[in-house]
Amino acid sequence: AKETFNWDDYLNETSSVAAPPNCFRQSRTPPRNDFKIGMKLEAHDPRNVTSVCIATVIGITGARLRLRLDGSDDKNDFWRLVDSCDIQQIGTCEKKGDMLQPPLGFRMNASSWPMFLLKTLNGVDMAPATCFKKEIQKPLQNFFKTGMKLEAVDKKNPYLICPATIGDVKGDDVFITFDGWKGAFDYWCKYDSRDIFPIGWCSLTGDSLQPPGNSVALPKTTSPTAASQIKGIRRSMQSPQKHVQAQKGRKPMRDKCLEQTSAPP
Ligand code: MLY
């Protein structure tokens, strides 16, 4: 099966190990995604985390939701797991005695916010309590080790989840490096980040795991023999070119996200 990425083969070929599931703040079994496109909920504004806003589910991918804040533009969509503590049922904010806020970059005049909110909430499809799953506790400490493999969200293209490697560990922080991308997309995050997953996550949620990139970042110490071995491994895997061709004539990923209305089994 050269056509699809396979973790077992890849771990063998790269003689590497997977980060064990207990490293992650993720349920062993991914939570079921019961949301439907168009449902509304309360979400913390990612650009202004102290304010809680109304958001609409505009896409469903695996155990994640693509969200857009009502009154905001379409350039600031964000993705959250169904068990994220950043999202809650409509009414939660009021129950706590707080007020719903306009999103950062509210398209209208601030004075029109109360009326906008009233209209926004009138007769809408509110996501029921059962959709919101409980976020699991974070691991007691950072168990990650350099070299471990995982699946991670590409923060520059947050709809994508890709094969990655722990590049470094410092206290509670881990450096996420994307296999075959020469460092362009790498980032530091906390060990309990909700954007990193144990291998096999995507196949459980029905997300499509991206194949590793094409570029081989050769460590300085790599001998010429090792270098050609690594290149051989690359050739034996699906080449991104082929992948791009396969994607041609198909709808761009953005639309695909919008279309997918339910998580495959
Ligand atoms: N077309 C974009 C997508 C890159 C995605 C990289 N991820 C998977 C690490 C680009 O080439 O910039």
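Counting starts at 1 for both ligands and their atoms, in listed order.
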Inset, instruction - Mind telling me whether Trp79 and Tyr159 have parallel, tilted or perpendicular rings, with 30° and 60° as the class edges? - result: tilted

Inset, instruction - Would you mind listing the cluster partners of Ile90? Hydrophobic ones only (ILVMFWY), side-chain contacts under 4.5 Å, chaining allowed. - result: Val52, Ile54, Leu100, Phe106, Met108, Trp113, Phe116, Leu117, Leu121, Val124, Met126

Legend entry - Same apolar cluster: Tyr191 and Val169, side chain cutoff 4.5 Å: yes

Legend entry - Leu104: hydrophobic cluster co-members (side-chain, 4.5 Å): none

Inset, instruction - Supply the members, apart from Phe143, of the Ile/Leu/Val/Met/Phe/Trp/Tyr cluster built from side-chain contacts under 4.5 Å; use none for a lone residue. - result: none

Report each N/O pair between ligand 1 and the protein that falls under 3.5 Å, naming both atoms.
| residue | atom | partner | partner atom | Å |
| --- | --- | --- | --- | --- |
| ligand 1 | 7 (N) | Asp154 | OD2 | 2.7 |

Inset, instruction - Can you establish whether the number of heavy atoms outside Arg32 located under 6.0 Å from its atom CZ is more than 12? - result: no

